[in-house]
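Throughout, a chain's letter reflects where its sequence line sits, starting with A, and its residues are numbered from 1. Because only heavy atoms are used, hydrogens play no part in the values below, and waters and symmetry mates are left out as well, while side chains stay in.
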Amino acid sequence: MLVMFPYPSGDRLHVGHGRNYIMGDALYRYQRMRGRRPLNPMGWDSFGLPAENAAIERQVHPSDWTQNNIAAMKEQFASWGILYDWSREVSSCTPQYYRWNQWLFLRMLEKGLAYKREAPVNWCPKCQTVLANEQVVEGRCERCRTEVVQKTLSQWFLRITDYAERLLGNFERLDGWPERVKVMQRNWIGRSEGAELDFELPDHGETLTVFTTRPDTIHGATFMVLAPEHPLVPRLLEGNPAREEIEGWIEKVRNTPRIQREAEERRKEGRDTGAAALNPATGERIPIWLADYVLPDYGTGSIMAVPAHDARDLEFARQEGLAVRLVYHPEDEEVTAETLIEPVLHHGVIRDAPPFDGAKDGPETLARFIDWVEEEGWGRRKVTYRLRDWLISRQRYWGTPIPVVYCDACGILPVPESELPVALPYDVEFSGRRGNPLERHEEFLQATCPECGGPARRETDTMDTFVDSSWYFLRYLSARDEERIFDSQLAAAWCPVDQYIGGIEHAILHLLYARFVTMVLHDFGLIEFEEPFSNLFNQGMITAFSEESGRIEKMSKSRGNTVSPDRLIDQMGADTERVYTLFLGPPEEEVEWNQEAVSGAYRFLNRVWRAAGKLEEAPPTGPADDELERLRNVAVERVTRDMEKFKFNTVVAALMELMNALGKALEESTASKLACEQTFDTLLQLMHPFAPHLTEELWEARGHVESLLDSSWPEYDEAKLAAARVTIVVQIDGKLRDRLDVAAEAAENEVVAAVMASPKVDQHLAGREVAKTIVVPGRLVNLVTRASS
RNA sequence: GCCGAAGUGGCGGAAUUGGUAGACGCGCACGGUUGAGGGCCGUGUGGGGCAACCCGUGCCGGUUCGAGUCCGGCCUUCGGCACCA
């Protein structure tokens with residue numbers, strides 16, 4: 001059992017955060033009462049930008065700031081009554097933790113899974129650092145919403161794309177994950193099947209390779225388009241009279257924020273390089289263009305343009321007056337390349353492409369084409385992913401130093417394992433000046449080359465904090481182990497995590513990275529399993545009305561719509577917050593916090609409290625004992641079933657119903673003291689995961705010696721669930737006409753006889769004949785008067 | 001545009017397998033307790049109608065003795081992806 005570890009931010013937790021931890025704690029307590037002993041650790045995802053920003057703004061050291069926040073959060077956890085095993089606590093900003101990040105990095109470097117490369121990257125001007133693709137949302141920085149710009153920098157990457165196929169394939173076995181998360185990850189990985197095709201550039205002696213999902217439309221490729229950033233561009237522009245203008249334009253495109261470049265309605269911009277390629281299918285010379293609609297980091301950064309069969313290429317061709325040629329001709333109408341307005345997609349028959357004439361658009365034709373280009377030798381089957389390698393370099397101080405050094409003589413070298421951890425220096429200057437403060441820390445910068453022993457310069461980039469969180473669950477098992485990242489035997493015993501609980505906002509980022517790193521650790525031979533989390537539960541967000549926007553939005557400090565648990569706990573107790581939070585609505589759904597409705601939970605707890613005082617007054621015997629006992633059993637059955645399904649909201653409803661029944665029996669003195677006490681004890685047990693403080697106190701007051709948490713979860717007796725008498729619904733032609741109270745075990749014919757004897761039935765039948773009688777035992781009788789057709 | 005989820009009282013939401021729609025709670029109304037307020041307790045509360053009854057789970061149609069639930073088509077909202085070749 002595991003709840004995602006939090007970032008210890010400087011803000012106090014609000015009730016929206018609480019949902020996560022309260023659910024986790026309720027489940028943990030429930031599991032314990034069921035006799036299981038799950039590990040319930042907690043830790044801190046404690047590296048990250050806010051700490052550094054706080055340092056710049058308030059002159060507090062990130063480390064001290066973080067420590068204070070951790071202490072404050074621990075206090076809040078305690079005030080919620082959450083039980084964590086603090087002996088296993090981990091904090092990612094400690095050298096004891098991050099040295100294993102470095103160790104992991106070195107192993108990945110060794111295996112070629114970590115590498116440095118110059119590439120266009122996302123740069124957040126506000127955070128002054130690069131971002132991974134996953135951290136760019138709608139062209140903006142995931143954290144601060146600033147527009148991300150493109151820069152070309154030399155950066156460290158992890159080869160997650162090598163694992164794309166496994167990350168997709170394993171979904172088959174991940175039955176315990178919500179479908180929506182799997183769909184999101186599938187979209188993100190974005191697998192496309194197609195082919196790579198080689199185009200000769202006769203004037204340059206070069207080959208241009210493109211990726212296409214439609215190699216079957218090659219005969220319609222009338223021009224080529226390269227991303228302006230494509231490495232071949234300078235050669236193609238040699239001798240072009242407009243070269244200077246084009247280079248200026250390329251520079252402009254390069255500096256355009258991603259959000260603008262990818263905007264939907266944007267007019268495509270392009271330039272003719274003047275160079276030409278040979279279409280390998282037709283042998284024709286076709287022009288090579290540059291255009292901003294071709295992205296540098298997908299496929300090969302270049303395409304064959306088939307305007308007749310691709311909307312984007314058609315738009316561009318019409319705009320620039322480029323040739324259009326049809327490969328597939330629709331069967332139902334005659335279209336010509338000149339008049340084509342919409343591309344012909346996924347229908348039609350091939351003409352004028354000799355061996356393929358008459359072939360219909362479809363997977364078979366596509367396969368024939370790929371076979372053909374492979375035989376011809378200028379193309380091959382290829383799968384491409386949207387997923388990019390994971391960029392982990394960050395130009396910031398508060399993160400794990402990347403353990404490499406640069407030596408003028410020997411190049412880029414890993415820090416030897418024996419020298420780990422590469423510790424983050426404490427005495428750095430937080431001036432808010434541009435750049436990473438590590439770059440100005442001479443002592444940190446100076447290193448010795450492990451190869452030649454000469455002077456070397458230390459890497460100043462630190463790792464993305466998602467590296468920290470991609471394997472932390474394994475560290476809980478070996479939190480104090482100085483010898484290794486974690487103990488494989490313990491991992492074999494405890495992992496994968498049976499139940500992982502956390503917010504949907506991590507559907508892609510954290511959960512994708514953690515899956516990737518787990519696979520890597522598997523491949524290193526450290527663990528048997530490939531998937532870290534067998535079952536995943538994503539609780540929904542808590543929302544609230546925001547004065548600022550006038551809308552109901554996710555509860556957050558920036559939106560000014562938070563509700564503090566501190567005052568609530570002060571006034572009505574932690575159990576009230578817990579019960580209300582769990583009662584609010586379906587746990588996996590987004591729910592709105594309604595401050596007024598909190599009192600419902602408070603009243604319920606007060607009723608329980610008062611009932612304890614009334615037990616003494618119950619009579620020695622009572623006529624309603626059997627019924628109370630039945631309701632007790634029903635409650636146990638319902639609560640147990642719904643706990644297993646995480647339907648906490650209906651669990652609370654069941655608890656309230658049992659309390660209402662008990663309250664009524666006590667009020668009216670209809671049940672014996674023994675029956676009331678027994679019911680009350682069961683109620684306390686069933687309620688304990690939700691309201692631990694109140695129930696534990698009342699349990700003790702009831703004279704029980706062992707703690708309620710250590711008591712065993714109540715069982716129910718199947719035979720006691722059924723009521724002696726049931727209400728039978730009487731329908732005539734499917735319409736409700738009467739209700740009858742009959743003995744539960746009454747025979748079918750007895751029930752029908754009772755139905756026929758009912759005056760209401762008689763009245764509604766009005767002499768019509770009953771053609772058919774449907775009896776659902778214990779539920780209803782339906783009399784059908786018309787002949788069924 | 002593609003993919004996914006969801007639409008039920010004034011509100012949050014219940015409803016095993018197709019079988020009493022609205023559990024539980026909030027709010028509201030009335031009554032009790034109280035000097036008063038609050039709190040607490042009780043009763044009522046989907047809409048229409050004096051009533052018998054009629055109508056009601058986004059809309060239209062279908063299957064069925066019977067549909068919130070199954071099938072077909074639409075509408076709306078939310079989420080993911082989106083110039084990805």
Problem set entry | Nucleotide nearest A:T650 when distance is taken to its side chain, options B:G80, B:A14, B:G19 | B:A14
Problem set entry | Among B:A85, B:U20, B:A15, the nucleotide that comes nearest once only the side chain of A:R739 is considered | B:U20
Would you check if the side chain of [X] reaches a backbone N or O of [Y] as a donor-acceptor pair within less than 3.5 Å?
| X | Y | value |
| --- | --- | --- |
| A:R632 | A:T682 | no |
| A:D361 | A:G348 | no |
| A:H309 | A:V327 | yes |
| A:D389 | A:I160 | yes |

Sticking with atom [atom1], work out how far [N] lies from [M], rounded to a whole angstrom.
| N | M | atom1 | answer |
| --- | --- | --- | --- |
| B:U63 | B:A15 | P | 30 Å |
| B:C59 | B:G66 | C1' | 22 Å |
| B:U77 | B:G62 | C1' | 26 Å |
| B:G79 | B:C74 | P | 23 Å |
| B:C11 | B:C3 | C1' | 32 Å |
| B:G10 | B:G47 | P | 7 Å |
| B:U76 | B:A21 | C1' | 23 Å |
| B:A23 | B:G12 | C1' | 13 Å |

Exercise. Toward the 5' end of RNA chain B, which comes first, A:Y293 or A:R641, by nearest nucleotide?
Worked result: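 The 5'-side residue here is A:R641.
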Exercise. When the nearest nucleotide of RNA chain B is assigned to A:R386 and to A:I774 on a heavy-atom basis, which residue is associated with the more 5' position?
Worked result: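 Comparing both residues, the 5'-ward one is A:I774.
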[X] side-chain N/O to [N] phosphate OP1/OP2 under 4.0 Å:
| X | N | value |
| --- | --- | --- |
| A:R610 | B:C41 | yes |
| A:S192 | B:A85 | yes |
| A:R737 | B:C54 | yes |
| A:N649 | B:A14 | yes |

Expressed in angstrom and rounded to an integer, what is the separation of [X] atom [atom1] from [N] atom [atom2]?
| X | N | atom1 | atom2 | value |
| --- | --- | --- | --- | --- |
| A:R191 | B:C3 | CZ | P | 18 Å |
| A:M224 | B:A85 | CE | P | 16 Å |
| A:L509 | B:G80 | CG | P | 12 Å |
| A:E193 | B:A85 | CD | P | 12 Å |
| A:K735 | B:C65 | NZ | P | 17 Å |
| A:L512 | B:G80 | CG | P | 16 Å |
| A:W188 | B:A82 | CH2 | P | 6 Å |
| A:I728 | B:G19 | CD1 | C1' | 11 Å |

Exercise. Is there a side-chain contact (heavy atoms from CB on, under 4.5 Å) between A:M687 and A:L694 once you walk through the steps?
Worked result: CA-CA 9 Å; A:M687 272 178 77; A:L694 175 86; 4.2 Å; yes
Problem set entry | Donor-acceptor pair (no angle test) under 3.5 Å: A:N782 side chain, B:C65 base | yes
Exercise. Under 3.5 Å, is there an N or O donor on one side and an acceptor on the other linking the side chain of A:K268 and the base of B:C83?
Worked result: yes
Regarding [X] and [Y], is there a side-chain donor-to-acceptor distance under 3.5 Å anywhere?
| X | Y | value |
| --- | --- | --- |
| A:T650 | A:D642 | yes |
| A:T365 | A:Y328 | no |
| A:E134 | A:W188 | yes |

Contact class for [X] (heavy atom, under 4.0 Å): base, sugar-phosphate, or nothing?
| X | result |
| --- | --- |
| A:K647 | sugar-phosphate |
| A:L584 | sugar-phosphate |
| A:V183 | sugar-phosphate |

Problem set entry | A:T273 vs A:V233 side-chain heavy atoms within contact, under 4.5 Å | no
Exercise. Can A:D292 and A:K252 be counted as an ion pair, charged N to O under 4.0 angstrom?
Worked result: no
Exercise. In terms of side-chain geometry, is the basic nitrogen of A:R630 or A:E627 positioned less than 4.0 Å from the acidic oxygen of its partner?
Worked result: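 Yes.
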Problem set entry | Torsion-based syn/anti label for B:G58, 90° from 0 as limit |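 You should classify B:G58 as anti.
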Seminar exercise, completed: Under the rule of Watson-Crick or G-U wobble with both distances under 3.5 Å, where | means paired to another strand and [ ] a crossing pair, RNA chain B maps to (((((((..(((......[....)))(((((((.....)))))))(((....)))..(((((..]....))))))))))))....
Nucleotide N/O to protein N/O under 3.5 Å, stretch nucleotides 43-51 of chain B:
none

Exercise. When you check every protein heavy atom under 4.0 Å of nucleotides 24-30 of chain B, what one-letter string (B, S, -) results, 5' to 3'?
Worked result: BSSS---
Problem set entry | Separation between CG of A:L366 and CZ of A:R381, rounded to the nearest 0.5 Å |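 The distance works out to 8.0 Å.
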Problem set entry | Parallel, tilted or perpendicular: ring planes of A:H510 versus A:H506, cut at 30 and 60 degrees | perpendicular
For this session: Validate the cation-pi geometry between A:K268 and A:F316: distance from NZ or CZ to the six-membered ring centre under 6.0 Å, angle to the ring axis within 45°.
Result: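 Here A:K268 fails the 6.0 Å and 45° test against A:F316.
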